[in-house]
There are 2 protein chains.
Amino acid sequence: MLATMLADTATDWAAYARAVLVRAGHHRGAARERLIDLLARQNCALSAIEIEDALRRGRRGQRPVGRASIYRTLELLHAHDLVIRLDVGDGVARYEPAGPTSEHHHHHLLCDHCGRLVPFEDAALERSIEKLSDRLGFRTTDHEVTLRGDCPDCR
Amino acid sequence: MLATMLADTATDWAAYARAVLVRAGHHRGAARERLIDLLARQNCALSAIEIEDALRRGRRGQRPVGRASIYRTLELLHAHDLVIRLDVGDGVARYEPAGPTSEHHHHHLLCDHCGRLVPFEDAALERSIEKLSDRLGFRTTDHEVTLRGDCPDCR
DNA sequence: CAGAGAACGAGACCGAGTCTCACTCTTGTC
DNA sequence: GACAAGAGTGAGACTCGGTCTCGTTCTCTG
């Protein structure tokens, strides 16, 4: 049941992303299609290198996806707010689906031990960041919270 | 007056940092001394490259400071919690003084327009992050909040 | 179906950060 | 003070995410 929900969510995001790009006047292309499919299957951030590895070893017969196409597509998706770019401090950018039909806005815990990235969401945190912006007089468009510590598995 | 305060704070941090390193059994060395002096004069984050530029053009007669020494020293300072490593998402690590006698723990607003990094601190935010960790059952050692938006100058 | 131009892949290139190694300097000991 | 041990240092080669270029391939429109 959960799997079905996730699958549906994934399909929704992929369809939504494609619709946005087509409406913006973009052609379709093999690299883009496969990258969108890959991202749609994830539930947390994926680094460009992981994406490259996954798409480079294409299935038999498929043309491999070039590195340039991956970065180009990620940039395009990011420009249309279809993807969130995440920096955790290890010098590697990570990307995850975003937008109306994707999972909720969330943040991350980076485990000091195993290096795993654990997503979490918290309404109270969102509220207090909103109030914070008002208090400081900043007009903010986005924010990012990263906790460092021990993930549940490593405690 | 403010200048004097800042100067004192800077001196304090530099002295504190040196004391911590000596107590840990480290020798002194020209590169380290100059890097500590440089950091002590800053009030916000400095990238390794900016540090390298500043120290490479050493004053007449001084031996230039090598890149390896800079990264080594920054790593050492970080290991002793004398410095905070900050990642803003542009692929460049930034460092700023930290510890008992330095400025308070703070976070940053990254301006979408001018790219400036504006430090701020907020006790309510700290409290809500603390409560958040408890609520989620994470044991956190550190956290980082980055807001994106327009800085006061660019509004 | 043909042309325009968007999308693509290979690979050269860039630059922040790491590693190595021979040299220099600080520190403790006599 | 002289000295030895070994911590600290600088030059430069190297790594590896990420960018850029360019000739080719593919998609869409007419």
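In the text below, chain A, chain B and the rest are named by the order of the sequence lines, each starting its count at 1. Bear in mind that the values here come from a model prediction, so they are computed numbers and not experimental data.
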### Nearest-nucleotide pick for B:Tyr71, side chain only, options being C:dC8, C:dA16, C:dT27
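Nearest to the side-chain atoms of B:Tyr71, counting from C-beta on, is C:dA16.
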### Query
Backbone N or O of A:Leu82 within a donor-acceptor pair of the A:Trp13 side chain at under 3.5 Å?
yes
### Message
I'd like to know if the side chain of A:His107 reaches the main chain of A:Val145, judged simply by a donor and an acceptor atom lying under 3.5 Å from each other, with no hydrogens or angles considered.
### Response
yes
### Closest-nucleotide 5' rank along DNA chain C - winner of A:Gly25 and A:Arg67
A:Gly25
### Message
By nearest heavy atom, map B:Gly29 and B:Val92 onto DNA chain C; which one lands nearer the 5' end?
### Response
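In this pair, the answer is B:Val92.
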### Query
Starting at the 5' end of DNA chain D, which residue's closest nucleotide do you reach first, B:His26 or B:Ala68?
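Result: B:His26.
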#### Entry: Range on DNA chain D touched by chain B, heavy atoms, distance below 4.0 Å
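The contact span of chain B on DNA chain D goes from D:dA7 to D:dA11.
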### Query
Could you state the CD-C1' distance from A:Glu33 to C:dG9, rounded to the nearest angstrom?
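Value for this atom pair: 17 Å.
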### Integer-rounded Å distance: C:dA16 C1' and B:Arg94 CZ
12 Å
### Task
Considering non-hydrogen atoms only, spot the tightest contact between B:Leu132 and A:Leu125 and give its length.
CD2-CD2, 3.8 Å
#### Entry: Heavy-atom pair with the smallest gap, counting every atom of A:Leu117 and A:Arg94
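Scanning both residues, the minimum pair turns out to be CD2-CD, 3.8 Å.
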### Task
Please list residues of residues 45-52 of chain A whose heavy atoms come under 4.0 Å from any atom in DNA chain D, ordered by number; otherwise none.
A:Ala48, A:Ile49
### Query
Do the side chains of A:Val65 and A:Ile49 join up, straight or via other hydrophobic residues, at under 4.5 Å, putting them in one cluster?
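No, A:Val65 and A:Ile49 fall in different hydrophobic clusters.
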### Query
Which part of the nucleic acid, if any, lies within reach of B:Gly91 when heavy atoms closer than 4.0 Å are counted: base, sugar-phosphate only, or nothing?
sugar-phosphate
#### Entry: Under-4.0 Å side-chain N/O to phosphate OP1/OP2 contact, A:Arg32 with C:dA7
yes
### Query
Are any non-hydrogen side-chain atoms of B:Arg32 and B:Arg72 less than 4.5 angstrom apart?
no
### Task
List the steps and the verdict of side chain to side chain contact (heavy atoms under 4.5 Å, CB included) for A:His108 and A:Val88.
CA-CA 9 Å; A:His108 297 88; A:Val88 182; 5.9 Å; no
#### Entry: Set of residues satisfying side chain to side chain contact (heavy atoms under 4.5 Å, CB included) with respect to A:Glu75, sequence neighbours excluded
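Checked A:Glu75 against side chain to side chain contact (heavy atoms under 4.5 Å, CB included); zero matches.
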